[in-house]
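Only a predicted model underlies this, so the values are computations on that prediction, with no experimental measurement involved.
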Amino acid sequence: MNDRVKALNSKPAREAADYVLYWSQMNRRADSNHALEFAAGLANQRQLPLLVYEGLTCTYPYANDRMHTFVIEGVPETGRRLEARGIGYHFHLRRTRQDPNDRLYALAARAAAIVTDDYPTFIARRHNASVPAKVDVPYYAVDSSCIVPMSQFAKREYAAYTIRPKIQKLVARYLKPVETVKVKRAFRLTLDQQATPVAAGTVAALVASCDIDHSVKPSLSFTGGRLAAEKTLTEFIERRLRRYTRDKNEPSAHATSDLSPYLHFGQISSLEAALAATAQADETKVMADVFLEELIVRRELAFNFASYVDDPESMANVPDWARKTMAEHATDKRDAVYSQEQFENAATHDPLWNAMQKELLLRGKIHGYYRMYWGKKIIEWSATHEEALKTMIYLHDRYALDGRDPNTYTNILWCFGMHDRPWQSRPIFGMLRYMSFDGMKRKTNTEAYLKEIEFLERTGKDPFRIA
DNA sequence: ATCGGCTCGCGCAA
DNA sequence: TGCGCGAAGCCGAT
């Protein structure tokens with residue numbers, strides 16, 4: 001057992017078993033995956049082959065063409081890479097509610113043990129709370145999301161400044177490539193269950209066949225899958241990393257990594273991104289690098305937060321001063337009040353805000369800096385703080401390829417004071433940090449951004465992602 | 001253009 | 001117990 005692995009039940013291993021099962025819920029990749037390698041080690045110990053199960057169901061909240069396309073696009077390459085290692089791969093798409101929802105349990109019936117991803121939000125969190133009791137084999141959750149494992153932090157951290165020194169002390173120990181475990185027994189079994197065949201040309205038809213929300217179209221900017229993830233990382237390292245520090249808060253400069261969709265669906269690991277970035281720089285000042293600050297300190301603060309609270313989507317998570325100040329300003333007059341639907345349709349009076357919302361609708365992601373303004377204005381223009389929170393979560397859950405992630409809920413709650421500090425009081429916000437249109441105009445090239453989003457809307461093409 | 005004040009509380013030094 | 005300083009700011013004075 002290592003510092004990434006938690007046993008979530010205490011069932012004995014099945015003696016007469018055909019394989020060890022890795023249930024790839026969040027880390028949908030064959031490379032740089034601690035959970036996969038832990039499962040491979042377990043399989044070798046038991047002299048068994050390893051089977052990877054990856055499922056996608058039509059029933060999770062906001063299941064739509066955008067999310068489904070991104071996930072299914074990853075399937076062929078994951079299959080190729082696992083099979084090249086002698087590891088079995090079973091992808092199953094549950095298209096309708098009439099299809100039985102028992103694939104995991106059917107595969108588990110022949111498994112010696114189940115290994116899955118330790119992940120503190122959305123569906124995987126709920127699965128890992130309920131499934132271990134329902135299977136009759138050991139169930140292990142492995143932290144393959146963080147560089148410094150979540151287990152290394154004994155409590156919920158208060159802010160970036162409290163977790164930063166702890167990460168700096170530990171990071172060298174973990175900033176190492178994942179060791180690949182060679183499987184001793186190749187997977188050659190024929191399963192009773194039918195996998196869903198996927199080829200590059202069949203993704204759209206598969207998505208269309210699912211009983212999901214077809215009104216949320218695939219992202220105009222992001223293609224899913226390992227090859228697209230690797231290309232995105234390489235291009236970032238080669239072309240954009242050198243100007244990241246200067247331009248990361250200038251959305252029109254496209255200096256950020258664009259990795260968040262791939263990180264969220266686990267098609268690439270943050271460890272791979274960190275190793276690629278450090279290989280470029282003087283390794284002794286690793287943590288001084290601004291990209292690694294965001295990739296490791298802020299991202300892993302989000303995982304720390306989500307792993308320690310009862311409900312990562314709740315306003316109860318913001319500090320006392322923030323809840324108090326919001327209560328004091330609960331009935332302040334709002335100059336403009338929009339409904340969730342008006343926000344969703346990008347129908348506010350503010351063209352800059354509307355452009356950000358259109359970026360979410362079309363690209364499936366908002367630039368990190370502008371997302372803060374986007375959130376702050378939803379607070380300013382909602383009837384209540386609670387309603388603003390619900391709107392932000394809804395819009396991210398439904399449209400963002402990097403939504404449903406610890407980072408998503410952390411970024412949203414940051415707008416309500418979490419991991420932040422109080423500032424001079426003002427209406428509606430109280431002591432929550434305020435952000436203004438004038439600030440955006442002063443600090444960023446809003447005109448270039450507006451033009452870009454207008455082009456995206458008019459042509460359906462993203463000049464920065466489609467060569 | 002630049003700067004200080006705003007305002008709370010964590011964590012460390014003492 | 002005191003003190004420095006913090007997830008990305010604003011505003012008014014100079």
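Nucleic acid contact class of Tyr161(A) (heavy atoms, under 4.0 Å, all strands): base. Using a 4.0 Å heavy-atom cutoff across all strands shown, Thr410(A) reaches at least one base atom of the nucleic acid. Counting any heavy atom pair closer than 4.0 Å across all strands shown, Trp321(A) reaches sugar-phosphate atoms only and no base atom. Within 4.0 Å (heavy atoms only), Lys324(A) reaches no atom of the nucleic acid at all. Nucleic acid contact class of Asn411(A) (heavy atoms, under 4.0 Å, all strands): base. When heavy atoms are screened at a 4.0 angstrom cut-off, Tyr369(A) is found touching base atoms of the nucleic acid.
Rounded to whole Å, the P atom of dC5(C) lies 15 Å from the corresponding atom of dG5(B). Separation of the C1' atoms belonging to dT7(B) and dC11(C) is 15 Å when rounded to the nearest angstrom. Nucleotides dA14(B) and dG4(C) have their C1' atoms positioned 14 Å apart, rounded to a whole Å.
Separation of the Tyr140(A) and Tyr22(A) ring centroids does not fall under the 6.0 Å cut-off.
Within the structure, every side-chain polar atom (N or O) of Thr162(A) is placed at least 4.0 Å from both OP1 and OP2 of dC10(B). For dC11(C), the OP1/OP2 oxygens have a side-chain nitrogen or oxygen of Arg426(A) closer than 4.0 Å. In terms of phosphate contacts, Arg442(A) brings no side-chain nitrogen or oxygen within less than 4.0 Å of OP1 or OP2 of dG9(C). Contact annotation: Lys443(A) side-chain N/O to dC10(C) OP1/OP2 distance is under 4.0 Å.
Stretches of at least 3 consecutive Watson-Crick or G-U wobble pairs, with each checked distance under 3.5 Å, appear in DNA chain B as B:1-6 with C:9-14, B:8-13 with C:1-6.
If you check distances only, the side chain of Arg299(A) never reaches the base of dA7(C) with a donor-acceptor pair under 3.5 Å.
Side-chain contact of His396(A) with Tyr409(A): a donor-acceptor pair under 3.5 Å is absent, judged by distance alone.
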- [ ] Would you please test Glu454(A) and Lys451(A) for salt bridge (charged side-chain N to carboxylate O under 4.0 Å, His left out) and show each step?
- [x] CA-CA 5 Å; Glu454(A) 189 271 330; Lys451(A) 275 201 194 110; over 6 Å; no

- [ ] Show the numbers, then the answer: is there a salt bridge (charged side-chain N to carboxylate O under 4.0 Å, His left out) between Glu386(A) and Lys390(A)?
- [x] CA-CA 6 Å; Glu386(A) 193 66 41; Lys390(A) 293 284 167 287; 3.1 Å; yes

